[in-house]
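As structure tokens, the structure follows; a few thoughts come after it.
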Protein chains: 2
Amino acid sequence: MMSDQGISKGERRRAGIMTLLKQQGKVSIPEIIERFECSEATARRDLDLLEKQGNIIRTLGGAQLDTTLTSGETSFNEKRNLLWLEKEAIAAKAASMVEKGDIVGLTGGTTTFLIARALKFHNDITVVTNAVNIAMELADSDGVQVVLTGGVMRNKSFELCGPLAESIVNNIHIGKMFMGIDGISIDPGVTTFSELEAQIARLMLSRASQCYAVFDHTKIDKISLFAIAPLTEFKGFVTNRLESPAMLDYIEKHRMELHLTEPATEAEKAH
Amino acid sequence: MMSDQGISKGERRRAGIMTLLKQQGKVSIPEIIERFECSEATARRDLDLLEKQGNIIRTLGGAQLDTTLTSGETSFNEKRNLLWLEKEAIAAKAASMVEKGDIVGLTGGTTTFLIARALKFHNDITVVTNAVNIAMELADSDGVQVVLTGGVMRNKSFELCGPLAESIVNNIHIGKMFMGIDGISIDPGVTTFSELEAQIARLMLSRASQCYAVFDHTKIDKISLFAIAPLTEFKGFVTNRLESPAMLDYIEKHRMELHLTEPATEAEKAH
DNA sequence: AATATTAAATCATTAATTTGATTTTTTCAA
DNA sequence: TTGAAAAAATCAAATTAATGATTTAATATT
């Protein structure tokens, strides 16, 4: 059936809960169950949702109005595709490291593409990239200036490579650089599948003040065909979790930054 | 499960339709069906929804961008719709001039974008362009190597300009070049709206063995703000019709080529 | 007017979301 | 600690929304 004016059963119920809350300052779960004839589970879910929207504060057995009327929107959500979710979290983390006025470097890759998407609504930043799809993603963003390295496009991967690309990269300076990679391990360091992409990545790295490798945990202790650089070339790493004690040791010993999106494990905490 | 930051299938499809529209000014229903692998019914429903949101205007067989916001003329849309067919014809004619092994240059613009689309299934050619959307269009084409000039992207027009772009263009050679323009007349010659685009166009022209200006008849005897080059710099012109006797005279006298997509009028035949 | 094309309307099917029942884990108060 | 209450997690049923196939009406084009 068509939703009348966009008011679904659930929305009506949650609106009712808010009315109750405004009337009495707080509500209990049993109260909601009785009043709206729903299960305990839905009552909880409604309160969770309202809390996520920043309207109320959960308490034991119910909820109360948020007295601090600062409407802070906290909307971090769960999704089906775990790896996608993790990449989005990694991208968000990386994007949060970007500040006004920054010159941000992005290589090609899924995670870096998501960083670009996250940067879309930043203001007064410049993004330097060799990925055509990243440039397209940022094309309608007013606050972001996009500089694309030229070069020959690798069909299907959207990456610009070759001497022409290199000649441009040699003429620019990058502030914070985020590099998408295919493998990371202590010994060869950071690696990738494609020789051409490795070369341009290496060059961009050399032009950047600070370079961070961004990757999900499946890339850890994996070695791809072509080496980009040893770990020591990097300012730090952005990933969801890093459970390898050896790598944690290495990162700590070399005073490199580690940005994690998931709650730290015992091993990680120890460092 | 909840999807709130996650983009639903339908939303993604409609966003894709908007991107298509921004790139090409219009879309057809079959185009949507092919591109997004959906039924005719959903394609229609999507367009209806987007129209309801005020973003686009439905036309017979598809939709086009709402241009009434920028130009208040009522009949403008019909004109534009007609022009589309002519631009496609012009693009097809230009594409037919391309041969195996050619190095083809394309500036930004609607007509040149359509040339790129027409070149998609050519084999063993190289396309050099400063337009990001043209590179994207050719990204999945096996027989076409794409070389993108780097540079700063002009947001919304997808064109790469500036010194970086120029430094790359200075290092390449173009065989047949097709230039999109905003105005053409005997006296200042070929002109365009944007200074930056004029400059990069001028440079590409200087690097090309043969350069053709491509335009529809509404550009004839129009003069835009920035001059690119006098007519004599061009090997020839590709358009739908050219009814100006003075320009016909001029073209004949200078032994330049004229490629028309519409049956020649008496005036044109006389030359 | 006749034909072909496009649009609208309808309905069955599929996909997605919401919900309630159940089980497991966590938290709180003694 | 331990038991009771609350919260979270899990799963299947129910509801709702989205889609595609089909039919019917409208519209361009000749």
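All chains are named by letter (A, B, ...) in the order of the sequence lines, taking the proteins before the strands, and each is independently numbered beginning at 1.
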d(NZ, B:Lys9; P, D:dT19) in whole Å: 7 Å
Roughly, in whole Å, what's the span from CG in A:Leu60 to C1' in C:dT26? 11 Å
Between C:dA7 atom P and B:Ile57 atom CD1, what is the distance in whole Å? 15 Å
Nearest heavy atoms of B:Ile56 and B:Glu51, plus distance in Å: O-CG, 3.5 Å
Any donor and acceptor pair, going by atom type alone, linking the side chain of B:Thr239 with main-chain N or O of B:Phe215 inside 3.5 Å? yes
To the nearest 10 degrees, how far apart in direction are the end axes of the helix from C:dA1-D:dT30 to C:dA30-D:dT1, each fit to five base pairs? 50°
Measure from the side-chain heavy atoms of B:Arg58 and tell me the nearest of C:dA8, D:dA8, C:dC28. C:dA8
Under 4.0 Å between any heavy atoms, over every strand shown, what does A:Thr59 touch: base, sugar-phosphate, or nothing? Just pick one. sugar-phosphate
Ion pair check, A:Arg58 and A:Asp48, cut-off under 4.0 Å: yes
Look at the side chain of A:Thr129 and the backbone N and O of A:Leu106, then say whether any donor-acceptor pair between them is shorter than 3.5 Å. yes
Pull out every residue in residues 37-45 of chain A that has a heavy atom closer than 4.0 Å to any atom of DNA chain C, ordered by number, or say none. A:Glu37, A:Cys38, A:Ser39, A:Ala41, A:Thr42, A:Arg45
Distance-only polar pair, side chains of B:Thr261 and B:Asn240, donor-acceptor under 3.5 Å: no
Atom CG of A:Asp46 to atom P of D:dA7: distance rounded to whole Å? 14 Å
Around atom CD of B:Glu257, are there more than 12 heavy atoms of other residues, nucleotides or ligands at under 6.0 Å? yes
Could you give the CG-to-C1' distance, from B:Asp48 to C:dA9, as a whole number of Å? 12 Å
Taking A:Gly180's backbone N and O only, do any of them form a donor-acceptor pair with A:Thr107's side chain (distance below 3.5 Å, no angle check)? yes
Is there a donor-acceptor pair closer than 3.5 Å between any side-chain N or O of A:Lys93 and the backbone N or O of A:Val238? no
Strictly below 4.0 Å, N to O, side chains only: are B:Arg117 and B:Glu31 in salt-bridge contact? yes
Rounded to whole Å, the CD1-P distance (A:Ile33 to D:dA7) equals 11 Å
Ignoring backbone atoms, test whether B:Arg13 places a side-chain nitrogen or oxygen under 4.0 Å from the OP1 or OP2 oxygen of D:dT19. yes
